[in-house]
2 protein chains.
Amino acid sequence: MESILSISKALGEKNRLRVFLALMHTKELCVCEVGEFLGLAPATVSRHMSILCQAKLVDSQKRGKWVYYSIKPTVAPELLQWMQNSIVDSSLVAEDGKRIESLVREYQDKDCRKVCSSEER
Amino acid sequence: MESILSISKALGEKNRLRVFLALMHTKELCVCEVGEFLGLAPATVSRHMSILCQAKLVDSQKRGKWVYYSIKPTVAPELLQWMQNSIVDSSLVAEDGKRIESLVREYQDKDCRKVCSSEER
DNA sequence: GTAATATTTCGTCAGATGCAGAAATGACAA
DNA sequence: TTGTCATTTCTGCATCTGACGAAATATTAC
């Protein structure tokens with residue numbers, strides 16, 4: 001039951017939910033990208049991401065100076081399916097999707113994106 | 001997305017989650033039973049239940065003086081499945097299950113249980 | 001109608017949570 | 001080692017949330 005509780009708490013905050021949904025189709029983001037995406041200070045982003053990590057919803061991986069976040073492979077598929085079904089006609093999610101894509105393109109040239117070019121995505 | 005958010009907020013509080021899980025195998029409870037179950041004042045229970053209702057997780061039905069709560073039939077099956085899978089070895093959920101059962105037996109003789117004896121369960 | 005009972009709404013308080021900025025930590029480069 | 005940059009932890013502040021009791025509302029019994 002504790003897992004339901006911590007996951008629900010983690011996803012029950014708008015900014016954290018937006019990041020999680022963004023990760024569902026962008027695979028990987030670092031703190032600076034999330035900060036840009038949400039318009040929040042790095043410290044705040046770090047705090048939010050650690051809550052998502054503690055809920056076992058995302059993995060963090062440190063590569064060089066940067067920390068990269070991605071959805072933890074062990075997240076229950078029913079949970080992901082439910083979320084997927086629940087966002088089909090959300091305009092904000094659609095906007096966020098486009099914003100994340102252009103943001104990732106924009107960060108293509110920055111240092112944090114060069115570190116991981118050999119990896120998947 | 002708003003639905004994910006409101007559902008997560010609703011289930012991200014321990015007492016509300018416990019009531020919801022209890023409803024998953026007791027079908028129907030009235031405010032007084034939930035109050036006894038959680039050890040909370042009626043006013044507080046009412047508030048919690050209205051949050052679950054607003055999140056479209058439970059239905060409320062007034063019969064006589066009493067209000068009965070049950071899981072809304074439209075709740076996404078993937079969500080229920082995820083929760084079901086997540087509680088298989090939770091000792092607190094098991095205890096709660098027994099407590100609810102004996103509590104319902106105890107309330108069998110009370111007025112609020114006599115009203116609905118013709119209905120399912 | 002009035003009284004009794006169940007529930008909801010309102011007012012208030014204590015504790016939790018989100019936020020930013022400052023300081024601390026960790027990693028790389030010179 | 002020292003400097004720089006990315007991130008995290010700490011601190012303080014504003015807002016949100018859960019709790020109760022009291023008052024309001026709704027329904028049944030008389």
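Order of the sequence lines fixes the chain letters, A, B, ..., with proteins taken first and strands second; residue numbering starts at 1 for each chain.
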Bend across the helix from C/dG1-D/dC30 to C/dA30-D/dT1, to 10°, with axes taken over 5 pairs at each end? 20°
Separation of atom CD in B/Q61 from atom P in C/dA6, rounded to whole Å: 18 Å
Expressed in angstrom and rounded to an integer, what is the separation of A/E13 atom CD from D/dT15 atom P? 16 Å
Could you check how far NZ of A/K14 sits from P of D/dC16, rounded to whole Å? 14 Å
Could you state the CZ-C1' distance from B/R63 to C/dT5, rounded to the nearest angstrom? 17 Å
Specify the separation, in whole Å, of atom CG of A/L29 and atom C1' of D/dT7. 16 Å
Numerically ordered, the residues 38-56 of chain A set in heavy-atom contact under 4.0 Å with DNA chain D is A/P42, A/A43, A/S46
Within 45 degrees of the ring normal and closer than 6.0 Å to the centroid, is that where the cationic atom of B/R99 sits relative to B/F37? no
Take atom NZ of A/K56 as the centre, draw a 6.0 Å sphere, and report whether it contains more than 12 heavy atoms from other residues, nucleotides or ligands. no
Rounding to a whole Å, what distance do you find between A/K65:NZ and C/dA30:P? 10 Å
Identify the residue among B/V67, B/V31, B/L52 that makes a side-chain contact (heavy atoms from CB on, under 4.5 Å) with B/S60. B/V67
Pairwise side-chain contact, A/L17 with A/M83, heavy-atom cut-off 4.5 Å (strictly under): yes
Starting at CG of B/N15 and ending at P of C/dG15, how long is that distance when rounded to a whole Å? 17 Å
Heavy atoms of B/S6 and B/A55 approach each other most closely as O-CB, 3.7 Å
From CD of B/E33 over to C1' of C/dT7, roughly how many Å is that when rounded to an integer? 14 Å
